[in-house]
Amino acid sequence: MTDHDRRSTGHQGNDEPQRYAGFHDPVHPPHAPAFPEPPAAPARAGTRRRHRAGRPVGLITAVALAAAAVGGGAGALARDLAGGDTAAAPSGIAGTAVSRSGTGTVAGVAQAASPSIVEIGAATDSGQSTGSGVIITADGEIVTNHHVIAGASGIEVRLGDGTTRTADVVGTDPGKDLALIRVRGAEGLKAAALGDSDTVRVGDQVVAIGSPEGLTSTVTSGIVSALDRDVTVSQDGGGSGRAQDRSSAHGGGTGPSKTTYKAIQTDASLNPGNSGGALLDMRGEVIGINSAMYSPSAATGSTAGSVGLGFAIPVDTLKASLDTLRGD
C-alpha cells in the first residue's frame, strides 16, 4: 500500500459531515450525539503510526534488492521478496564457430575464425609468391587456390601462432582454381567450419580473412554484392602476390592457361595475397574461398589496390571437389 493509499485510509476514519453533491435540496447534518466522537486528530496520529510502521518493510525490501547484485544467495532472497526472476547467463551456440556474445559481429567472427586461416609462401622459378589458405582438418589439410601454388618448388605455411611449417601438394583442380595441401606432421590444428553457399543472399554481411601483401590475419568486411559471377583467372599463377590475383570478371577469353568459374562477388576489401583465404558469414562459417579481385591497370603498368570488386569460389564447389583433390 503506497503512502497515498494510507493517507486516504486515514481520512476515511473521520466522521466529519459530508454534503450530497447532487441537485436536490441540501441534506442537513444530523444532531450531534450526546457523547460526541473523539476529535479527528487521533485518527491522523494513527495514520502517522502506520506510516512509521511501514517504513522498515520498505527498507528491508530495498536492502534485499541491493544485495541481489552481490551473490546468488542474496539474489534468491531478493527474488523471494520482490517476486522477480534472475536472467540466465549467455552460453555458446552449438554447431557454430562463434559464441552467442559474438554472433553477428565482425569482431566475434574474426576471433573465432582467424586461427583457421594461414599464410602460404610458394617458391617458384620467378620468385616468391604469397597467398592464403584455410585449414579444414586438424591433421593439416589446407585448401587454397590453384594459382597460389602453381609451379611451386617449395611451400611454407605460417600458422596463426606464428610458427612456419613445410607443406606438400595433395591435389589440384586448375579448372576450378582449387588446390589442397597438407602440413607435414601437423596435429591438433583448428579447422574452419564449412558453411552452405546455397543459402547466401545478396546483401548478406560477410568477413574476409587472409594475408594481403604478407600482412597475416588481415580482416576486412562487407556484403555479398552479387552471385554467380563469371570470373576468368590465370591458371599458372604469376610469380608474385600482386599478379596472382589479377582477374577479369567480364569475359577476357579462355585460353590454355585460363579458367572461368561462377563466383560470389563481394565488396569486402581483397588485395594481392588474399587468394585462398576465407569469406565467412556472420556465424563464422566459410561460405567461399577468396580467389580474385578486379584490379584495373594503371598507366605505369602496375596494378591498383582493391576497388571493392572481389570474388570467391562458393564453398559448395569446394566440398564437391574434396574427394577429387584427395585422390579418393
Side-chain angles (χ1 to χ4, degrees), residues 120 122 124 126 129-134 143-152 169-181 194-202 204 206 208 210 212 222-279 286-297 303-325:
I120 297 176
T124 66
S126 56
S129 64
T130 302
S132 305
V134 181
V143 65
T144 185
N145 290 134
H146 171 265
H147 73 255
V148 170
I149 52 89
V169 176
V170 176
T172 66
D173 187 341
K176 295 178 181 177
D177 196 19
L178 291 171
L180 186 68
I181 63 176
L194 302 184
D196 182 358
S197 53
D198 278 347
T199 64
V200 175
R201 301 174 299 174
V202 173
D204 284 349
V206 290
I223 63 167
V224 173
S225 303
L227 300 171
D228 298 324
R229 289 296 199 202
D230 288 328
V231 176
T232 300
V233 296
S234 173
Q235 293 185 10
D236 57 6
S240 69
R242 184 174 294 277
Q244 71 188 22
D245 281 324
R246 280 190 297 181
S247 68
S248 170
H250 306 286
T254 57
S257 62
K258 293 184 178 180
T259 185
T260 299
Y261 53 82
K262 299 289 186 180
I264 299 170
Q265 180 182 329
T266 178
D267 68 350
S269 179
L270 300 180
N271 288 285
N274 272 115
S275 284
L279 187 69
V286 179
I287 58 170
I289 302 300
N290 297 322
S291 58
M293 68 175 190
Y294 176 72
S295 184
S297 296
T303 55
S306 173
V307 292
L309 296 173
F311 305 93
I313 300 169
V315 73
D316 287 356
T317 301
L318 165 64
K319 291 190 289 187
S321 302
L322 278 177
D323 287 344
T324 300
L325 293 172

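The two residues A292 and V231 come nearest to each other via the heavy atoms CB-CG1, 4.1 Å. Residues A152 and A122 come closest through the heavy atom pair CB-CB, 3.8 Å. Of all heavy-atom pairs between P212 and N274, the closest is CB-OD1, 3.5 Å. When every heavy atom of S132 is checked against every heavy atom of G210, the shortest pair comes out as OG-CA, 3.5 Å. Scanning all heavy atoms of the two residues, the minimum distance from S225 to V202 falls at O-CG1, 3.7 Å. Between V134 and G277, the shortest heavy-atom contact is CG2-C, 3.8 Å.
Within the 4.5 Å cutoff, the side chain of I120 has heavy atoms near those of the I181 side chain. Counting heavy atoms from C-beta on, the side chains of I313 and N145 come closer than 4.5 Å. At a threshold of 4.5 Å between non-hydrogen side-chain atoms, the residues L279 and V286 do not count as touching. Side-chain contact check for V143 versus L318: some heavy-atom pair is nearer than 4.5 Å. Using a 4.5 Å cut-off on side-chain heavy atoms (C-beta onward), F311 and T266 make no contact.
Between the side chain of D177 and the main chain of H147, a donor-acceptor pair closer than 3.5 Å is present. Using modelled atom types, one side-chain atom of T259 and one backbone atom of G175 make a donor-acceptor pair closer than 3.5 Å.
To the nearest 0.5 Å, atoms CG (N290) and CG (L270) are separated by 5.0 Å. In this structure, CD on Q265 lies 9.0 Å from CG on L227, to the nearest 0.5 angstrom. Here the OG-CG distance, from S269 to L309, works out to 11.0 Å after rounding to the nearest 0.5 Å. Interatomic distance, D204 CG to I223 CD1, rounded to the nearest 0.5 Å: 9.0 Å. One distance of note links CG of D196 with NZ of K319; it measures 5.5 Å at 0.5 Å rounding.
Counted by atom type alone, D173 and H146 present zero donor-acceptor pairs between their side chains at under 3.5 Å. A donor atom on one side chain and an acceptor atom on the other are found under 3.5 Å apart for K176 and S321. Side chain to side chain, D316 and S197 meet the donor-acceptor criterion of an N or O pair below 3.5 Å. Side-chain N/O atoms of T260 and T232 include a donor and acceptor closer than 3.5 Å.
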What verdict does the side chain to side chain donor-acceptor pair (under 3.5 Å) test give for S291 and Y261, after you've listed the backbone C-alpha separation in whole Å, the side-chain angles of each residue and the deciding distance to 0.1 Å? CA-CA 11 Å; S291 58; Y261 53 82; 2.7 Å; yes
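Not counting sequence neighbours, T172 has no partner by the side-chain hydrogen bond (donor to acceptor under 3.5 Å, both in side chains) test.
Results of the side-chain hydrogen bond (donor to acceptor under 3.5 Å, both in side chains) test with K262 over T317, D228, D230 single out D230 as the only residue that passes.
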